[in-house]
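Have a look at the structure below, then the notes.
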Amino acid sequence: MDSGLLPKSLVFFTLFIFITTTINAASAKDPSQPILRPPGKEKVTRLRFYWHDVVSGKNPTSVTIVPGPSVNSTTGFGSVQMIDNPLTEGPELTSKQVGRCQGIYASASQQDVGLLMSMNLVFTEGRYNGSTLSIIGRNSALHKVREMPVVGGSGDFRMARGFAQLRTHWFDMNTGDATVLYDVDPGHRLPRPRPLRKEKVTRLRFYWHDVVSGKNPTSITIVQGPSLNYSTGFGSVQMIDNPLTEGPELTSKQVGRCQGIYASASQQDLGLLMSMNLVFTEGRYNGSTLSIIGRNSAFHKLREMPVVGGSGAFRMARGYALLRTHWLDMNTGDASVQYDVVVVHH
């Protein structure tokens with residue numbers, strides 16, 4: 001990863017992927033064919049491979065596309081990397097390559113190394129050659145064990161959902177290399193496979209504060225839109241580490257952070273692409289996350305965005321968030337938004 005974050009780290013991924021077996025052999029060969037039968041029984045697939053983030057040298061596979069503002073941040077808040085990282089069977093970069101990891105990761109936390117990761121695992125060898133898995137989630141890169149949701153897939157992994165557990169294998173602060181011991185005992189490395197518990201519904205309400213102004217903003221511009229005649233700011237991108245509180249006041253009890261990006265993606269109205277992780281830091285969901293990606297029609301009275309995954313207590317979550325603006329200061333751009341979230345999880 002980037003030298004300001006976690007340079008040239010090599011990370012061990014283990015995935016449990018739950019796949020709905022809805023296609024027969026004919027439709028697998030021709031994805032354009034409609035699915036004519038009810039979804040089949042879900043099955044579990046487990047994969048193991050190594051992910052190499054090569055920042056240094058003549059042929060890096062991870063490049064900085066947004067350096068982040070020159071602010072006093074030890075986490076590199078606001079910086080963005082584009083990656084086309086090799087996936088291999090073993091820990092050596094020279095080990096057999098089984099695919100590529102293509103996407104972005106961004107420093108989305110002001111207090112710790114918390115990365116927003118949005119990427120596709122593209123398999124190029126073996127039985128899953130040509131298939132992909134999509135991941136979006138939070139990577140607490142300095143933690144010994146991390147978890148991110150698998151939110152979809154293609155090919156053999158069509159309609160996949162699941163999770164990835166990450167452990168750094170090696171890391172050197174001087175060169176960007178690292179070596180980290182990890183437990184390979186299956187009884188400790190991963191939870192033993194067991195039947196999924198009955199799904200339940202959880203409802204949450206909190207307030208999301210977008211602080212753009214003042215000396216300590218939690219929302220900063222990382223890409224300034226082109227200087228064209230767009231009243232919507234089309235092309236601009238914000239990086240956020242916004243507080244989540246119980247009540248509408250910013251001084252209310254904080255229950256978490258919202259870390260990620262939002263971007264002006266409409267030329268005609270204020271339509272925002274939002275890709276972010278809700279990171280809970282208090283109460284029964286402390287340490288758990290929810291991942292959201294969707295469109296926010298910011299000037300509408302009521303908006304809806306999908307919850308596509310989660311971690312911890314919200315592992316395998318899916319659902320939706322309803323948004324209502326509580327207040328907006330047209331002069332500063334600061335805002336408080338009420339979130340009502342409904343998620344189904346095990």
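Heavy-atom basis, side chains included; hydrogens, waters and symmetry copies ignored. Positions are given from 1 along the sequence. Bear in mind the structure is a predicted one, so any value in this text is a computation, not a measurement.
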Is there a path of hydrophobic side-chain contacts, each under 4.5 Å between heavy atoms of I/L/V/M/F/W/Y residues, joining Val343 to Val279?
no
Transitive ILVMFWY side-chain link Ile292 to Leu244, under 4.5 Å:
yes
Are side-chain heavy atoms of Val66 and Val223 found at a separation under 4.5 Å?
yes
Please report the closest heavy-atom contact between Asp269 and Ser266, naming both atoms and the distance.
OD1-OG, 2.5 Å
Cluster check Val201, Leu322: I/L/V/M/F/W/Y, side chain < 4.5 angstrom:
yes
Let me confirm one number: the CG-SG distance from Asp241 to Cys258, rounded to the nearest 0.5 Å.
8.5 Å
Spacing of Lys198 atom NZ and Lys200 atom NZ [to the nearest 0.5 Å]
12.0 Å
Do Thr221 and Gln238 get their side chains close enough for a donor-acceptor pair, meaning under 3.5 Å?
yes
From Gln338 atom CD to His326 atom NE2, the distance as rounded to the nearest 0.5 Å
8.5 Å
Whether over 12 other heavy atoms sit under 6.0 Å from Gln111 CD
no
The side-chain contact (heavy atoms from CB on, under 4.5 Å) partner of Ile104 among Ser275, Ser118, Ser62 is Ser118
Are Met316 and Arg161 close enough, and set up right, to give a side-chain contact (heavy atoms from CB on, under 4.5 Å), and what steps lead you there?
CA-CA 7 Å; Met316 309 278 290; Arg161 56 196 178 100; 3.3 Å; yes
Residue pair Phe123 / Leu47, side-chain heavy-atom distance below 4.5 Å:
yes
Inter-residue atom distance Trp208.CH2 - Ser219.OG, 0.5 Å rounding
6.5 Å
Could you go through His300 and Leu323, starting from their C-alpha distance and side-chain angles, then the distance that decides it, and tell me whether this counts as side-chain contact (heavy atoms from CB on, under 4.5 Å)?
CA-CA 9 Å; His300 288 197; Leu323 285 65; over 6 Å; no
Quick check on salt bridge (charged side-chain N to carboxylate O under 4.0 Å, His left out): which of Arg138, Arg146, Arg257 does Asp112 satisfy it with?
Arg138
Just by modelled atom types, is the Thr232 backbone N or O under 3.5 Å from a matching donor or acceptor in the Ser264 side chain?
yes
The test is side-chain contact (heavy atoms from CB on, under 4.5 Å); show your working for Val342 and Asp340 and say whether it passes.
CA-CA 7 Å; Val342 179; Asp340 288 295; over 6 Å; no
When every non-hydrogen atom of Thr218 is compared with those of Phe77, the smallest separation belongs to O-CZ, 4.1 Å
For a 4.5 angstrom cut-off between non-hydrogen side-chain atoms, does Thr289 reach Glu147?
no
Closest approach of Ala106 and Met239, non-hydrogen atoms and distance?
CB-CE, 3.4 Å
With a 4.5 Å limit on heavy-atom distance, are the side chains of Thr332 and Val212 in contact?
no
Examine the side chains of Asn277 and Ser291 and answer whether a donor and an acceptor come within less than 3.5 Å of each other.
yes
Contact check, side chains of Arg318 and Val151, non-hydrogen atoms, under 4.5 Å:
no
Can you see which heavy atom on His169 is nearest to which on Pro91, and at what distance?
NE2-CB, 3.5 Å
In short, Pro226 meets Gly235 closest at the heavy-atom pair CD-CA, 4.2 Å
Decide yes or no for Tyr128 and Leu121: does some side-chain heavy atom of the first lie under 4.5 Å from some side-chain heavy atom of the second?
no
Kindly check if the number of other-residue, nucleotide or ligand heavy atoms within 6.0 Å of CZ (Phe234) is above 12?
yes
Interatomic spacing from OH in Tyr105 to CD1 in Ile83 - rounded to 0.5 Å
7.0 Å
Considering only heavy atoms from C-beta outward, does the side chain of Trp327 approach that of Asp334 to under 4.5 Å?
yes
Between His52 and Thr61, is there a side-chain donor-acceptor contact under 3.5 Å, judged purely by atom types and distance?
no
For the side chain of Ser131 and the backbone of Gly155, is there at least one donor-acceptor N/O pair under 3.5 Å apart?
no
Same cluster or not: are Leu270 and Met274 linked, directly or through other Ile, Leu, Val, Met, Phe, Trp or Tyr residues, by side-chain heavy atoms under 4.5 angstrom apart?
yes
Under the side-chain contact (heavy atoms from CB on, under 4.5 Å) criterion, do His346 and Arg315 qualify, and how do the steps go?
CA-CA 7 Å; His346 293 280; Arg315 180 182 289 177; over 6 Å; no
Are side-chain heavy atoms of Val63 and Ile65 found at a separation under 4.5 Å?
yes
Rounded to the nearest 0.5 Å, what's the gap from CD1 on Ile222 to OG on Ser79? Could you check?
8.5 Å
Over all heavy atoms of both residues, which pair between Asn216 and Val211 is shortest? Give the atoms and the distance, please.
O-CG1, 4.3 Å
Would you say the side-chain atoms of Ser252 pair up with the backbone N or O of Thr245, donor to acceptor, closer than 3.5 Å?
no
Flag yes if Leu290 and Phe163 sit in one hydrophobic cluster, no otherwise; membership is Ile, Leu, Val, Met, Phe, Trp, Tyr, and two members link when side-chain heavy atoms are under 4.5 Å apart.
no
